[in-house]
Student: 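Just dropping this structure here.
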Amino acid sequence: MRIPYLAVKNITRKPFRSLALILSVALVSGLLFAGAISLKGVLTSISLGAKRLGADLMVVPEGSEDKVRTTLIAGKPAPIYMPADILDKVKKVKGVKQASPQLFIKAAIYPCCTDVDAILIAFDPLTDFTVSPWLKDALDRPLRKDEVIIGRSIPVEKGAEMTFYGKALTVAGYLSDTGFEYIDHGVFMTFETAREMIRQSKEKAKEPLKITEDSISAVLVQLDPSVSPERGAVFVEYEVKGVKAIAAQDVVGAVKAQLLVLLKILLSVGFALWAVTLVLITVVFSMILNERQREIGIIRSLGAKKQAVFSLITLEALIISAIGGGLGIGAGGIVMYLLKKPVMTAFKLPYLWPDNAFIISAGAGTLLVAVMTGIAAVFYPAFRCSRMEPYEAIRKGE
Amino acid sequence: MIKARKVSKTYKMNGQDIKAVDNVSFECAKGEYISIVGHSGSGKSTLLSLIGGLTKPDSGDIVIDSKNLFSMDDNALSEFRNKKLNFIFQFSSLFPTLTAIENVMLPTAFSSKRNNKDAMKQEAVRLLDMLGLKDKLSFYPSQLSGGQQRRVAIARAFINNPEIILADEPTGDLDEETESEVMKIFKRMNEERGITFLVVTHSSAIAIQGKRTMKMQGGKLEEL
């Protein structure tokens with residue numbers, strides 16, 4: 001018989017009490033793990049998004065900045081339109097290296113199989129520098145009329161047909177997963193296809209599109225490396241009237257602000273729960289050890305050393321916290337995986353599920369925190385108990 | 001083999017000093033069987049705890065096999081207890097989550113030497129069989145009567161082949177028949193294996209088993 005066996009037996013002595021301790025550790029661990037993968041997912045998504053968005057500026061109609069942010073982050077298509085000649089004006093602004101137009105069109109639902117919002121986006125493949133880098137399998141030819149490239153959240157096979165506003169469109173390729181709803185729920189097509197869809201919607205669609213022929217929603221701008229996004233935005237807004245130039249950093253900044261709110265909530269709740277759990281384990285173990293004073297005296301009389309008593313008690317806490325930690329990590333991961341979409345949508349945050357290496361290291365880190373919490377909580381009661389004179393322990397336990 | 005020299009121990013109880021053991025000296029040779037009688041509160045249990053190194057005296061020494069118990073550090077003293085002596089308490093000292101056989105094998109969990117698990121198990125079965133509990137090996141204490149629990153504790157006391165048994169009212173809640181069987185086992189262990197017994201009791205029937213009888217009164221020990 002060995003000490004770990006005794007520790008397991010002691011844990012099973014009061015199953016409900018042990019279960020309560022396990023659940024409290026599981027709750028904290030679950031929150032910590034879910035928090036870690038949430039933050040990592042959002043941060044990865046932001047950095048990837050900012051890196052691959054490609055544009056330094058997004059020029060949109062004045063007064064529509066908030067709608068644009070909603071479109072970019074939450075993927076809710078905003079009906080914002082401005083004359084197409086804005087593109088030429090923007091191209092002429094000092095410091096503008098490249099400019100490409102986009103047109104946002106709301107599609108109520110995917111016509112195939114789901115009721116999630118999609119956003120139809122017209123872009124110009126010849127000048128585009130924002131959509132093409134996301135292509136998972138690069139097209140070895142230009143995107144043709146009546147073809148679309150779709151985001152990863154749209155469950156349609158390559159080569160399949162999708163019909164929007166009465167127009168049949170063929171899926172020519174996919175984009176990589178970005179976590180940005182705007183891209184993941186995007187259906188990208190050429191301006192030629194979009195204009196034809198708008199025209200045909202008057203005859204074929206139940207709700208015809210009321211977008212004029214020469215409209216665009218945004219101009220994506222790449223600046224000369226010598227011009228900062230802030231200066232570039234000032235130049236554009238000065239030269240072109242009636243527009244607002246949003247720096248990509250602003251979008252990231254908005255996400256970071258949202259993230260900070262989430263982080264504060266998670267940290268506050270997590271810290272409060274952790275403190276409560278630490279105190280709970282300390283109190284419960286102090287009670288357990290008070291109840292078991294005589295037993296501790298008896299095992300000391302049987303030859304158990306002080307360190308054996310200390311090991312036995314800390315091992316019990318370690319097992320409880322490891323089981324709780326494991327359960328919490330599992331439950332937190334599953335809950336986060338299942339609820340990531342509604343939660344992130346509620347907080348208007350982009351999200352990318354972290355890679356396996358991060359999940360494993362976050363799990364290991366969380367488990368370590370859980371186990372260390374358990375050990376820290378029982379350290380003093382275990383130390384006190386192991387130092388007690390055996391005969392005193394027996395007498396006090398009577 | 002056991003030498004107690006001017007041993008005293010005082011407790012504080014409700015602000016008052018209680019002298020449980022008062023300047024006690026005695027010697028006990030290897031293989032002796034000593035009964036210690038006395039009223040409750042006379043200091044018998046405290047004396048046994050001092051001899052077993054479970055508590056430190058305020059003054060005096062206890063020397064077993066030329067080793068002063070209280071000059072040893074805790075590790076050495078614990079190891080000494082595990083190898084040399086064992087206790088039988090007057091209360092139920094079994095662990096509720098362990099079966100009878102596991103309770104008997106419990107001291108092996110704290111032994112510094114690697115015990116042969118199978119050999120220890122065989123010894124535990126043999127001891128439980130000797131005490132009439134062979135059919136209760138996997139019973140938990142809650143499934144055993146008070147007398148059966150006491151017999152398991154007695155079996156546990158012999159598992160490490162101790163040289164000294166310190167028994168505090170070992171037959172306290174046993175019926176007469178079992179009490180007689182237990183005393184026979186003690187006697188046999190004393191005669192066959194040369195185990196030293198110090199048995200605290202207030203029963204004169206048990207006390208007469210001892211080759212020597214001592215009386216504890218007001219913390220003082222006197223030979224009868």
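Below, chains carry the letters A, B, ... as their sequence lines are ordered, and counting in each starts from 1.
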Student: Hey, does T97(B) have a side-chain heavy atom less than 4.5 Å from the side chain of I11(A)?
Tutor: no
Student: Could you measure the distance from the OG atom of S301(A) to the CD1 atom of I88(B)? Nearest 0.5 Å is fine.
Tutor: 11.0 Å
Student: Is there side-chain contact between T46(B) and Y391(A), with heavy atoms separated by less than 4.5 Å?
Tutor: yes
Student: Is there a side-chain contact between L302(A) and N160(B) in this structure, where contact means two heavy atoms from C-beta onward sitting under 4.5 Å apart?
Tutor: no
Student: Does atom NZ (K121(B)) have a neighbourhood of more than 12 heavy atoms from anything else shown, all under 6.0 Å?
Tutor: no
Student: More than 12 non-hydrogen atoms from neighbouring residues, nucleotides or ligands closer than 6.0 Å to NZ on K9(A), yes or no?
Tutor: yes
Student: So which heavy atom on A109(B) is nearest to which on R2(A), and how close?
Tutor: O-NH1, 4.3 Å
Student: Has E295(A) got a side-chain atom pairing as donor or acceptor with F95(B)'s backbone, closer than 3.5 angstrom?
Tutor: no
Student: Using a cut-off of under 4.5 Å for heavy-atom pairs, which of T12(A), N10(A), I299(A) has the most such pairs with chain B?
Tutor: I299(A)
Student: Indicate yes or no: does R300(A) engage D74(B) in a salt bridge with an N to O separation below 4.0 Å.
Tutor: yes
Student: Relative to Y11(B), does R395(A) satisfy both conditions: NZ or CZ under 6.0 angstrom from the six-membered ring centre, and within 45 degrees of the ring's axis?
Tutor: yes
Student: Taking side chain as C-beta onward, heavy atoms only, is F110(B) less than 4.5 Å from L312(A)?
Tutor: no
Student: For residues I298(A) and S93(B), report the shortest heavy-atom separation together with the two atoms involved.
Tutor: CD1-CB, 3.4 Å
Student: Considering all heavy atoms of both residues, which atom of A304(A) and which atom of S78(B) are nearest to each other, and what is their separation?
Tutor: O-OG, 3.6 Å
Student: Heavy-atom count check: over 12 atoms from other residues, nucleotides or ligands less than 6.0 Å from M372(A) CE?
Tutor: no
Student: Contact part of K56(B) toward chain A, heavy-atom cut-off under 4.5 Å: side chain, backbone, both or neither?
Tutor: both
Student: With a 4.5 angstrom heavy-atom cut-off, which part of N75(B) approaches chain A: side chain, backbone, both or neither?
Tutor: both
Student: Around atom CZ of R13(A), are there more than 12 heavy atoms of other residues, nucleotides or ligands at under 6.0 Å?
Tutor: yes
